[in-house]
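Only heavy atoms go into these numbers, but all of them, side chains included; no hydrogens, no water, no symmetry mates.
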Amino acid sequence: MTTPSEVIRNAAATLRDAGIDAPERDARRLLAHALDCSTAELMALDEIVVPVSFAGMIAARCRFQPVSQIIGYREFWGRNFRVTPDVLDPRPETETLVDLALKRRSERILDLGTGSGALAITLALECPDATVLATDISDAALGVAGENAVRLAAQVAFRQSDWWQNITGQFDLILSNPPYISEVEMADLSPDVRNWEPHLALTPGGDGLDAYRILAGSLAGFLADDGLALFEIGATQGAEVRQIFQDAGFARVQLHQDLGGQDRVVAIIG
């Protein structure tokens with residue numbers, strides 16, 4: 001028997017030696033998961049028996065595997081979504097898309113490049129009267145998204161598609177968190193992201209803007225009159241992405257910031 005603080009201190013030292021940025025936080029989260037309790041419940045315990053699985057979790061984190069992949073889920077909009085190396089880890093800044101989407105009523109929703117399904121499933125649960133279609137080029141990602149939809153009891157239709165390839169009809173709301181990291185920026189990503197998340201969902205190569213060019217090129221044919229399109233962008237890409245959509249003929253293009261004050265979403269009104 002030992003105390004949680006002792007276990008966390010020793011595990012954090014191992015993580016620190018491996019180059020992990022927040023070793024105490026990660027050790028605490030992993031130990032809580034190994035004991036099937038919250039971090040608050042963990043720290044209220046006087047003594048614990050360390051599960052055998054904990055050592056493997058620490059070893060995986062030393063290889064820079066993200067905590068979300070080790071424990072198997074990431075929280076997004078108050079719900080836990082299963083994540084694997086086949087999908088992006090949903091991040092808090094992406095909730096900006098949901099916040100903007102919920103400010104207006106949409107009956108027909110399209111999520112392009114759904115990944116874990118976090119956006120589509122969240123909107124399906126928050127807007128139960130809407131019909132939601134989610135697409136991805138990756139069958140593996142669609143499998144993860146489908147599992148999340150079943151577990152969270154969300155009514156979402158899933159379809160394999162390379163952007164607009166297999167899409168028909170018009171939508172009141174179209175949204176996407178496309179790959180936007182440039183080829184140069186990829187080299188500077190932390191190994192947690194660069195080595196463990198799917199490159200197909202991170203970068204299109206080149207200047208990182210190819211996805212927006214594809215989206216802008218066909219958006220008019222799928223966005224309903226007065227419909228809304230919301231696309232996540234990199235913090236330094238606002239002016240360039242806005243210009244791409246203006247050059248495609250859209251007059252109403254706006255930029256929105258995340259809670260950190262960084263440009264995060266380009267909004268296009270049809």
- Message: Is it true that, when you exclude Leu45 itself, more than 12 heavy atoms of the residues, nucleotides or ligands shown sit nearer than 6.0 Å to its CG?
- Response: yes

- Message: Main chain of Ala118, side chain of Thr122: is a donor-acceptor contact present, judged purely on distance under 3.5 Å?
- Response: yes

- Salt bridge Arg29-Glu75, side-chain N to carboxylate O under 4.0 Å: no

- Item | Closest contact, heavy atoms only, Gly117 versus Phe81 | O-CE2, 4.0 Å

- Query: Are Tyr73 and Ile121 connected in the hydrophobic side-chain network, where two residues link if heavy atoms are under 4.5 Å apart?
  - Reply: no

- Are Leu100 and Leu223 connected in a single hydrophobic cluster, I mean Ile/Leu/Val/Met/Phe/Trp/Tyr linked by side-chain heavy atoms less than 4.5 Å apart? no

- Message: Contact between Leu228 and Lys103 at the side-chain level, heavy atoms closer than 4.5 Å - yes or no?
- Response: no

- Do Leu215 and Phe250 share a hydrophobic cluster (ILVMFWY, side-chain heavy atoms under 4.5 Å, transitive)? yes

- Hey, can you tell me if Tyr212 and Phe245 have their rings parallel, tilted or perpendicular (30° and 60° cut-offs)? perpendicular

- Query: Are Ile269 and Phe231 linked, directly or through other ILVMFWY residues, by side chains that come within less than 4.5 angstrom of each other?
  - Reply: no

- Message: Surrounding CG of Asp247 (heavy atoms of other residues, nucleotides or ligands, distance under 6.0 Å), is the total greater than 12?
- Response: yes

- Item | Donor-acceptor pair, side chain of Arg74 and main chain of Ser68, under 3.5 angstrom | no

- Query: With a 4.5 Å limit on heavy-atom distance, are the side chains of Arg79 and Leu125 in contact?
  - Reply: yes

- Looking only at non-hydrogen atoms, find the nearest pair between Pro90 and Phe76 and report the distance. CB-CD1, 3.7 Å

- Note on the structure: To the nearest 0.5 Å, atom OG of Ser5 lies from atom CG of Asn10 at 11.0 Å

- Query: Is the side chain of Thr131 donor-acceptor paired with the backbone N or O of Glu107 at a distance under 3.5 Å, no angle test?
  - Reply: yes

- Once the angle between the rings of Phe222 and Trp164 is folded into 0 to 90°, is it parallel (under 30°), tilted (30 to 60°) or perpendicular (over 60°)? parallel

- Nearest atoms (heavy-atom pairs only) where Val156 meets Ala124: CG2-CB, 3.6 Å

- Atom of Pro178, atom of Glu232 and distance for their closest heavy-atom approach: CD-O, 3.6 Å

- Contact check, side chains of Asn166 and Thr135, non-hydrogen atoms, under 4.5 Å: no

- Query: Ignoring hydrogens and geometry, is there a side-chain-to-backbone donor-acceptor pair from Asp192 to Pro66 under 3.5 Å?
  - Reply: no

- Ignoring hydrogens and angles, tell me if any N or O in the side chain of Arg252 forms a donor-acceptor pair with the backbone of Gly270 under 3.5 Å. yes

- Task: Can you measure from CG (Leu200) to CG (Asp86) and round to the nearest 0.5 angstrom?
- Result: 11.0 Å

- Message: Set out, in order, the CA-CA distance, both residues' side-chain angles and the distance that settles side chain to side chain contact (heavy atoms under 4.5 Å, CB included) for Arg104 and Asp226, then state yes or no.
- Response: CA-CA 11 Å; Arg104 55 188 285 165; Asp226 207 36; 4.2 Å; yes

- Message: Donor-acceptor pair, distance only, cut-off 3.5 Å: does the side chain of Ser106 make one with the backbone of Ile109?
- Response: no

- Message: To the nearest 0.5 Å, what is the distance between CG on Leu110 and CG on Leu175?
- Response: 7.5 Å

- Item | Spatial distance of atom CD (Gln262) from atom NE2 (His256) [nearest 0.5 Å] | 16.0 Å

- Separation between CD1 of Ile58 and SG of Cys62, rounded to the nearest 0.5 Å: 6.5 Å

- Please answer: with hydrophobic residues joined when any side-chain heavy atoms are less than 4.5 Å apart, are Leu142 and Val87 in the same cluster? no

- Task: Without swapping roles, check the side chain of Arg61 against the backbone of Ala27 for a donor-acceptor pair under 3.5 Å.
- Result: no

- Message: Looking at Ile137, is its backbone amide N or carbonyl O close enough to the side chain of Asp162 to form a donor-acceptor pair, meaning the two atoms are under 3.5 Å apart?
- Response: no

- Which atom pair, heavy atoms only, marks the closest approach of Leu112 to Ser176? O-OG, 2.7 Å

- State whether the number of non-hydrogen atoms from other residues, nucleotides or ligands found under 6.0 Å of Gln243 atom CD is greater than 12. yes

- Task: Take Leu123 and Leu102, measure what side chain to side chain contact (heavy atoms under 4.5 Å, CB included) needs, and give me the verdict at the end.
- Result: CA-CA 8 Å; Leu123 291 175; Leu102 294 178; 3.8 Å; yes

- Crowded around Asp17 CG? As in, over 12 foreign heavy atoms under 6.0 Å? yes

- Message: Tell me whether the count of non-hydrogen atoms from other residues, nucleotides or ligands lying under 6.0 Å of CD1 in Ile167 goes above 12.
- Response: yes

- Query: Can you name the nearest heavy-atom pair linking Glu197 to Gln69, along with the distance?
  - Reply: CG-NE2, 4.4 Å

- Task: Could you go through the side chain to side chain contact (heavy atoms under 4.5 Å, CB included) check for Arg242 and Gln246 one step at a time?
- Result: CA-CA 6 Å; Arg242 177 166 54 191; Gln246 288 175 337; 3.7 Å; yes

- Looking at Ile233, Val241, Val265, which hits side-chain contact (heavy atoms from CB on, under 4.5 Å) with Leu255? Ile233

- Message: Using 0.5 Å steps for rounding, measure from the CD1 atom of Ile8 to the CG atom of Leu15.
- Response: 11.0 Å

- Message: Pair Phe64, Ser190 - check side chain to side chain contact (heavy atoms under 4.5 Å, CB included), show working.
- Response: CA-CA 9 Å; Phe64 290 93; Ser190 71; over 6 Å; no

- Minimum side-chain heavy-atom gap Val144-Arg82 below 4.5 Å: yes

- Query: Under 3.5 Å, side chain of Asn148 to main-chain N/O of Ser116, donor-acceptor pair present?
  - Reply: yes

- Query: Within a radius of less than 6.0 Å around CD of Glu183, do more than 12 heavy atoms belonging to other residues, nucleotides or ligands occur?
  - Reply: no

- Item | Carboxylate-amine/guanidinium contact Asp111 Arg159, below 4.0 Å | no

- Message: Taking CD in Gln160 as the centre, count heavy atoms belonging to other residues, nucleotides or ligands within less than 6.0 Å. Is the count above 12?
- Response: yes

- Query: Ignoring hydrogens and geometry, is there a side-chain-to-backbone donor-acceptor pair from Arg16 to Pro23 under 3.5 Å?
  - Reply: no

- Query: Ion pair present between Arg213 and Asp210, side-chain N to carboxylate O less than 4.0 angstrom?
  - Reply: yes

- Query: What residue among Ile70, Val67, Leu31 forms side-chain contact (heavy atoms from CB on, under 4.5 Å) with Asp26?
  - Reply: Val67

- Do Leu119 and Trp77 have side-chain heavy atoms sitting under 4.5 Å apart? no

